[in-house]
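Have a look at the structure below, then the notes.
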Amino acid sequence: GDSVTQMEGPVTLSEEAFLTINCTYTATGYPSLFWYVQYPGEGLQLLLKATKADDKGSNKGFEATYRKETTSFHLEKGSVQVSDSAVYFCALTSNTGANSKLTFGKGITLSVRP
Amino acid sequence: GAGVSQSPSNKVTEKGKDVELRCDPISGHTALYWYRQSLGQGLEFLIYFQGNSAPDKSGLPSDRFSAERTGGSVSTLTIQRTQQEDSAVYLCASNIGVANTEAFFGQGTRLTVV
């Protein structure tokens, strides 16, 4: 079955540091890949997505590239801010018609120090 | 409504009692999903609705769990004879029912079984 593996957390960084959060996946066919974020006290929201190989998703300074050859979708940001402190989830859908159910990784908590 | 609304936001129940959790999706969204977020298991898919029918119930963990959707809108997740392992945050999401489109999540219902 489908699965998503994220690096273990939590991660603590100083403001303006470079961020990489690793994500690899196993799926049949050609999945779409997502990063969702959960800020403290808020619901899950989409951060970025990529629907085919070599696509790059980007939003709020975050980027991730769909790498089919390494089955990866690592999240990067060049300079993190305190406001980026949140839980980050990598996820995929297997493109089975209208059913876009998401398979999630376990999530990683990012804390950014001033 | 403006977003996905879930009620109650918190529910404490005694072991063995039945509970009902409600989800009001974004108006016009034909697809509705229930997920469960727990410390040990991360975020797990429970059930998918397209309109009022549920073509994918593969994530329901036991026959104590059931869900329905009426009028292509509000959905209710029912857990019968609750157990302590049912304690989790239950999340509802909706989207327009097209592959790879963004899912919008509610704030969740935190269920505690004592």
Side-chain angles (χ1 to χ4, degrees), chain A residues 1-10 23 25 27-53 55 57-60 66 73 86-109, chain B residues 1-7 9-10 23-26 29-60 67 72 88-110:
Chain A
D2 297 343
S3 67
V4 175
T5 302
Q6 290 183 234
M7 59 185 278
E8 298 274 327
C23 171
Y25 67 89
T28 53
Y30 301 95
S32 294
L33 304 174
F34 304 82
W35 278 98
Y36 276 81
V37 59
Q38 191 170 34
Y39 296 105
E42 298 185 19
L44 268 173
Q45 55 188 274
L46 179 67
L47 179 60
L48 53 83
K49 73 177 187 181
T51 58
K52 62 183 189 295
D55 268 2
S58 59
N59 186 24
K60 299 182 180 181
Y66 188 144
F73 193 54
V87 183
Y88 292 81
F89 294 90
C90 186
L92 66 81
T93 64
S94 283
N95 292 331
T96 50
N99 182 358
S100 294
K101 70 178 178 184
L102 290 155
T103 300
F104 286 92
K106 290 198 179 297
I108 186 169
T109 300
Chain B
V4 178
S5 177
Q6 292 187 246
S7 61
S9 54
N10 279 285
C23 172
D24 201 343
I26 292 172
H29 280 191
T30 58
L32 185 148
Y33 307 81
W34 283 98
Y35 294 88
R36 179 168 72 173
Q37 185 175 20
S38 56
L39 277 176
Q41 301 298 321
L43 266 160
E44 306 170 280
F45 165 79
L46 297 178
I47 187 169
Y48 155 64
F49 284 92
Q50 183 65 246
N52 291 336
S53 64
D56 189 349
K57 305 179 185 179
S58 62
L60 294 178
V89 177
Y90 289 82
L91 295 173
C92 177
S94 69
N95 68 17
I96 60 173
V98 173
N100 305 322
T101 51
E102 178 180 357
F104 294 83
F105 283 80
Q107 298 265 46
T109 294
R110 181 175 297 278

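The shown structure was predicted, so the numbers you read here are calculated from the model rather than taken from an experiment. In what follows, chains carry the letters A, B, and so on, assigned in the order in which the sequence lines appear, proteins first and then strands, with residues in each chain numbered from 1.
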So do A:K106 and A:Q6 actually touch side chain to side chain, heavy atoms under 4.5 Å? no
With a 4.5 Å limit on heavy-atom distance, are the side chains of B:Y35 and A:L102 in contact? yes
Looking at B:F45, is A:K101 sitting on its ring face, NZ or CZ under 6.0 Å from the six-membered ring centre and within 45 degrees of the normal? yes
Determine the option with the most heavy-atom pairs under 4.5 angstrom with chain A, choosing from B:I47, B:V98, B:T30, B:D56. B:D56
Checking [X] against chain A: side chain, backbone, both or neither under 4.5 Å from a heavy atom?
X	result
B:S58	side chain
B:Q6	neither
B:L91	side chain

Say you draw a straight line from CG of A:L47 to SG of A:C90; how long is it, rounded to the nearest 0.5 Å? 11.0 Å
